[in-house]
Asks: 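Next up is a structure, given as structure tokens.
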Amino acid sequence: MSERGAPGGATSVRGIAAAVRSREATASSVVEETLERISAMDGELHCFHTVMAKEALASARALDATIAAGRDPGPLAGVPVALKDNICTKGTTTSCSSKILENWVPPYDATVVERLRDAGAVVVGKTNLDEFAMGSSTENSAFGPTRNPWDASRVPGGSSGGSAAAVAAGLVPLAYGSDTGGSIRQPASFCGIVGLKPTYGGVSRYGLVAFASSLDQIGPFACTVEDATLGLLAVAGHDPRDSTSIDREVEPLLDSLGGGVGGLRVGLIEEFAADVAPSCSGAARAAADALAAAGAKVGEVSIPEVRHGLPAYYVIAPAEASSNLARYDGVRYGLRVDAGDARTMNLRTRGAGFGAEVRRRIMIGTYALSAGYYDAYYGQAQRVRTLVVRAFERAYEDFDVLLAPMTPSEAFELGAKTANPLDMYVSDLCAVPSNLAGHPAMSVPFALGESGLPVGVQVLAPALREAAMLRAAAALEAAAPPGVRGPVKLAAAPAGAASDGGGE
Amino acid sequence: MPDGYETVVGLEVHCELSTRTKLFCGCENSFGAAPNSQVCPVCLGLPGSLPVLNRRAVELAIRIGQALGCEIRPSVFHRKNYFYPDMPKDYQISQYDLPVNVNGHLDLPDGSVVGIERAHIEEDTGKSTHIGATGRIKGASHSLVDYNRAGVPLVEIVSAPDIRSAAQARSYVSELRRVLVAAGASDGRMEEGSLRVDANVSVRPDGSTTFGTRCEVKNLNSFRSLVRSIEYESKRQVALLEAGEAILQETRHFDESSGETHSLRSKEEAYDYRYFPEPDLVPLEPDEALLRAAAVGAGLMPGERRRLLWEAIGASLEEHASGALADQIETVIDLELDRLVVDAVAAGADGRLALARAANEAAANPESARSLGAGSFAALLQLESSGSLSATQSKAVLTVLTEEGGDPSEIAARLGFEGLGDAEIEELIDGVVAAHPEEWSRYLEGDGKVAGFLLGRIMRESKGRANGKVVSTKLAERRSRA
């Protein structure tokens, strides 16, 4: 990847941190340059809800002072990062793209935000998402959609579309999203970048506004596997404030990247091929071939249960969401539409504050948990979830990592699926099994589709086996044809200028 | 209870655990702080916050289970979903089909046994104050919510429907309260809401083996309300049955001012709580270490304390049933003076005297009495038993002893209760006999009524320093010699 634009010439996470740590560049100059880029380009893309110029510059100056004083500024010194706007930032609005939290300013930082600051990263802004992370295109934002930097008429995917597009457009080298049913990986695939969902419990959820608690996981977006790994390492590890956080030392994952795939047992999941576009299934098969060529033992594996993941997901996630979103009742914070009594105030507030998709999922989830229906819906979905977990366990007896298509299609046009929610839900088909199982999975850019848009390949691994997953991902990255990944070269202003991707 | 019917009661007692911090966050768990001063993102249910289970609360909950003879099992937290302004997340984290404690029992002082179906852990809600004429939500101009109580750890103890009267319900709650206090799990202060009771009440014809339709009565914040509401509710239900009407299963509110219950919501209007496993918490699996840690620090349970007292006073089985001693025993247990009595008996005091003085006199100042040394209490009681001090004198010495401490004999001397030897008493008797020859003759002739008069005169002459018992004995001796 060419290193362009930033002072010192670096645009990668590793490059910027190295430049800032060695005083080739100052954190202030990196952040100033980043803010200029955002201000020039984000008008059309709408990646950001909030650009934290003042806070970012102050953090950068403080970092520069730390460095000047000879103290360690941290491994991500001066790296500008963007955060999906469902990650709490003390003193800065965290809207979840919802009218109900439009003006909500958290009084505390999410654990990942604390860790990023400790690592020397500089939070430059909060990015667009589907409201409360419910969606696959970022069109369900109360504040307007984000556009795909490769083609502004296309969606960037979702729900973490703002973060994905910001990285793909080169606005920031690193961004974070949350993945409940593919919300990191699917937009990463649509935007031609790396998106990584860690093992459930690998990164603290404290401060991530909950959508579906048993599925949500925070993870990084970056242009390269190495940068995504650096982004993961900065935030991973046990957090006593999250009871589901895994109490285990984080592996030194960077060592895995150069490890190669010699002897790695790689299984290509057969099931999705029939359900996805040829460009997507073709990319997965090409990836399998590439890994075989690089020395991996590659085979095919049938895991029929994964095809039941989607319906199970669309019961479990709304069920948990119906409970998680109950607190937006107008009593304590966020929007309130006043009424004569508390009950009416609740109803009016929620009716006015939530968008159509959020209301739909609250209703689905409420229904699925209702007396008399619980066993048929929620109970059944949990049983399917167990089946998916067991099916993966069986597959991992024979394989170290699995490959699958990431998405059923390339990035689609804005408005293409907004009329039919089920069409939109199918976007998550290949992604949700990993969420149900709590396993790590990531999208690596690997091909260009018919329309010239990037297509990602999904690498899956068992819980806590990020090292094996990253070995495969690094090998795929090395084998990928040119022009499949961001950052996209963008012209600074006019609309539609972002159609010829290719960052190499 | 109207003739021909039996009341059936099951009680749900919510007990606030006396932990230092709340159930899922580090906020202080204490009563009476300024509104909304003990809150944080977690107990306010702010977006993104997550609960972390308080280990101490789990230990105390298990200790309650141990005290009630429950099976202690692996358990799971559930979310109980319903909208209420004082509930920050609009769901309560509770335990549902897999509670930590199940299948226990509570033995009441009268020998009856009430089954405990479960005792589970859950979080408390905040507290609403309705501003307006009545203080009720109806007609209020606005409401204020204090979230200091939100997230305070509770154990909900659910009895089997084994209770058959308001009196037994009262006895159950007071015995449960003693158990919770003895376990160190609760301060037992009903007036501060540390214990809150809901009663499931039904009635059935005598001899019936099936249960009638029950109503759940809420808002029972005192023993008085508990008893009154159950009595009211049974009468109401019997009246309905007698009139040939059906009882509707519903939730009812007890109005302390009218002494009546009113319907809050019917079965059809009951909330659908949509319970499901709380995904933000992991299952609770008590291991041996946790069970042992839970047991450390629990005090003696009231049943055991009662047994030790009966043993100390050496009462017969008939006396157990008679009530008089039992009342004294309950008093000293409630005031935590039972240890004093048992230890004083071990130090040589008479059991019944020790019990009586503890239940009546020491009870006037229980705070100080609890720090009274069993040795000096026993020494005082021995002075009384041997006749060196009269009962009146002994009580006076006890008052000083309780307030100031010291040696009972020295206190008695200081109060002038000592020094009237046999000779001095004989001298006083001589004087009174000489002054009242007529009365003395009648006494000698066996007129019992005049004995009191003579005793009173002698005591007055002694300015209270003579021991009445000793004087009586001496008077009787003179008569038998005459």
Side-chain angles (χ1 to χ4, degrees), chain A residues 86-88 94 96 101 104 106-111 132 201 204-210 212-216 239-245 316 319-320 322-334 341-343 345-347 350 365-374 378-379 382, chain B residues 24-26 36 39-55 77-93 96-97 126 128 130 137-145 147 150 267 270-284:
Chain A
N86 61 352
I87 297 173
C88 288
T94 299
C96 297
L101 286 179
W104 183 61
Y108 72 103
D109 273 328
T111 296
F132 284 103
S204 171
R205 290 185 295 118
Y206 189 78
L208 170 66
V209 178
S213 312
S214 74
L215 302 160
D216 296 342
D239 178 10
R241 287 177 294 191
D242 175 357
S243 308
T244 62
S245 157
I316 292 169
E320 292 183 13
S322 72
S323 174
N324 282 329
L325 272 62
R327 69 191 66 192
Y328 307 109
D329 57 11
V331 174
R332 292 160 302 276
Y333 47 77
D341 62 90
R343 180 92 188 113
M345 184 271 284
N346 288 163
L347 290 169
R350 292 167 66 79
T366 302
Y367 184 80
L369 290 173
S370 297
Y373 298 97
Y374 179 95
Y378 188 78
Q382 289 292 13
Chain B
F24 298 119
C25 64
N36 297 311
V39 293
C40 73
V42 176
C43 58
L44 283 177
L46 293 191
S49 65
L50 295 171
V52 176
L53 184 59
N54 178 341
R55 187 186 164 92
F77 287 91
H78 272 67
R79 290 188 186 174
K80 180 178 182 180
N81 295 285
Y82 63 103
F83 285 88
Y84 208 80
D86 62 21
M87 195 161 60
K89 302 182 292 294
D90 289 296
Y91 59 80
Q92 179 191 30
I93 303 177
Y96 180 50
D97 53 352
S128 300
H130 305 296
I137 195 160
K138 212 163 202 166
S141 68
H142 61 285
S143 301
L144 300 173
V145 193
Y147 294 100
K267 190 186 175 188
Y271 295 123
D272 177 357
Y273 291 122
R274 290 171 285 122
Y275 281 101
F276 73 102
E278 165 59 283
D280 288 330
L281 292 171
V282 294
L284 173 60

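Chain letters run A, B, ... following the sequence lines, proteins first and then strands; every chain starts at 1. Because the structure is predicted, anything quoted here is derived from the model rather than measured. These numbers come from the heavy atoms of this one structure, side chains and all, not from hydrogens, waters or symmetry mates.
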Asks: Please identify each residue that fulfils side-chain hydrogen bond (donor to acceptor under 3.5 Å, both in side chains) with A/Asp216, with sequence neighbours left out.
Replies: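 A/Asp216 satisfies side-chain hydrogen bond (donor to acceptor under 3.5 Å, both in side chains) with A/Thr180 once adjacent residues are dropped.
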
Asks: Which bit of A/Ala110 comes within less than 4.5 Å of chain B, counting heavy atoms only: side chain, backbone, both or neither?
Replies: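 Contact with chain B is absent: no heavy atom of A/Ala110 under 4.5 Å.
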
Asks: Flag the one option from B/Pro41, B/Pro47, B/Gly45 with the top tally of heavy-atom pairs under 4.5 Å to chain A.
Replies: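 Of the options given, most contacts go to B/Pro47.
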
Asks: At a heavy-atom separation under 4.5 Å, does A/Val331 approach chain B through its side chain, its backbone, both, or neither?
Replies: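 Side chain only.
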
Asks: Quick check for you: among A/Leu325, A/Leu215, A/Thr366, which has the greatest number of heavy-atom pairs under 4.5 Å with chain B?
Replies: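 Highest number of pairs under 4.5 Å: A/Thr366.
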
Asks: Would you give the length of the straight line joining atom OG1 of A/Thr111 to atom CG of B/Leu50, rounded to the nearest 0.5 angstrom?
Replies: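 Answer for the OG1-CG pair, A/Thr111 versus B/Leu50, is 8.5 Å.
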
Asks: Find the one option among B/Pro51, B/Pro277, B/Pro88 whose heavy-atom pairs under 4.5 Å with chain A are most numerous.
Replies: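 Max contact count across the listed options: B/Pro88.
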
Asks: Taking OH in A/Tyr373 as the centre, count heavy atoms belonging to other residues, nucleotides or ligands within less than 6.0 Å. Is the count above 12?
Replies: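 12 or below, so no.
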
Asks: Report which part of A/Asn346 has an atom under 4.5 Å of a heavy atom belonging to chain B: side chain, backbone, both, or neither.
Replies: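 Answer is side chain: those atoms of A/Asn346 sit under 4.5 Å from chain B.
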
Asks: For each of B/Asp280, B/Leu44, B/Val145, tally heavy-atom pairs with chain A at distances under 4.5 Å, and name the one with the top tally.
Replies: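 The candidate making the most pairs under 4.5 Å is B/Asp280.
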
Asks: Looking at chain A, which one of B/Val42, B/Asn81, B/Asp272, B/Val282 has the largest number of heavy-atom pairs inside 4.5 Å, strictly under?
Replies: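 Looking at each option in turn, the highest pair count goes to B/Asp272.
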
Asks: Between A/Thr244 and B/Pro279, which heavy-atom pair has the shortest distance, and what is it?
Replies: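 Heavy-atom minimum between the residues: CG2-O, 3.5 Å.
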
Asks: Could you tell me which portion of A/Pro106 (side chain, backbone, both or neither) has an atom closer than 4.5 angstrom to a non-hydrogen atom of chain B?
Replies: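 Neither part; nothing is under 4.5 Å.
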
Asks: Nearest heavy-atom pair of A/Pro107 and B/Leu46: which atoms, and what distance?
Replies: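 Looking at all heavy atoms of both residues, the closest pair is CG-CD1, 3.5 Å.
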
Asks: Who wins among A/Ala371, A/Gly379, A/Ser214 for the most heavy-atom pairs under 4.5 Å with chain B?
Replies: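 It is A/Ala371.
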
Asks: For the interface with chain A, which of B/Tyr82, B/Tyr147, B/Phe24, B/Tyr273 has the highest count of heavy-atom pairs at distances below 4.5 Å?
Replies: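 Top option by heavy-atom pairs under 4.5 Å: B/Tyr147.
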
Asks: B/Ser49 vs A/Tyr108, test: side-chain contact (heavy atoms from CB on, under 4.5 Å). Steps then yes/no.
Replies: CA-CA 9 Å; B/Ser49 65; A/Tyr108 72 103; 4.1 Å; yes

Asks: Is it the backbone or the side chain of A/Tyr206 that comes under 4.5 Å from a heavy atom of chain B, or both, or neither?
Replies: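 Answer is both: backbone and side chain atoms of A/Tyr206 are under 4.5 Å from chain B.
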
Asks: Of the listed residues (A/Pro240, A/Ser370, A/Ser213, A/Ser323), which shares the most heavy-atom pairs with chain B below a 4.5 Å separation?
Replies: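 Max contact count across the listed options: A/Ser323.
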
Asks: Got a sec: does the OH of A/Tyr374 have more than 12 other heavy atoms crowding it under 6.0 Å?
Replies: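 More than 12 heavy atoms, drawn from other residues, nucleotides or ligands, come within 6.0 Å of this atom.
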
Asks: For B/Phe276, is it the side chain, the backbone, both, or neither that has a heavy atom closer than 4.5 Å to a heavy atom of chain A?
Replies: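 Both backbone and side chain.
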
Asks: Restricting to salt bridge (charged side-chain N to carboxylate O under 4.0 Å, His left out), what partner residues turn up for B/Arg274, sequence neighbours left out?
Replies: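 Result, salt bridge (charged side-chain N to carboxylate O under 4.0 Å, His left out) vs B/Arg274: none returned.
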
Asks: So which of A/Asn324, A/Ile87, A/Asp341 has the largest heavy-atom pair count under 4.5 angstrom toward chain B?
Replies: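 Result: the option with the highest number of such pairs is A/Asn324.
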
Asks: In terms of heavy-atom pairs under 4.5 Å with chain B, which of A/Arg332, A/Glu320, A/Gln382, A/Arg205 leads?
Replies: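 Option with the greatest count: A/Arg332.
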
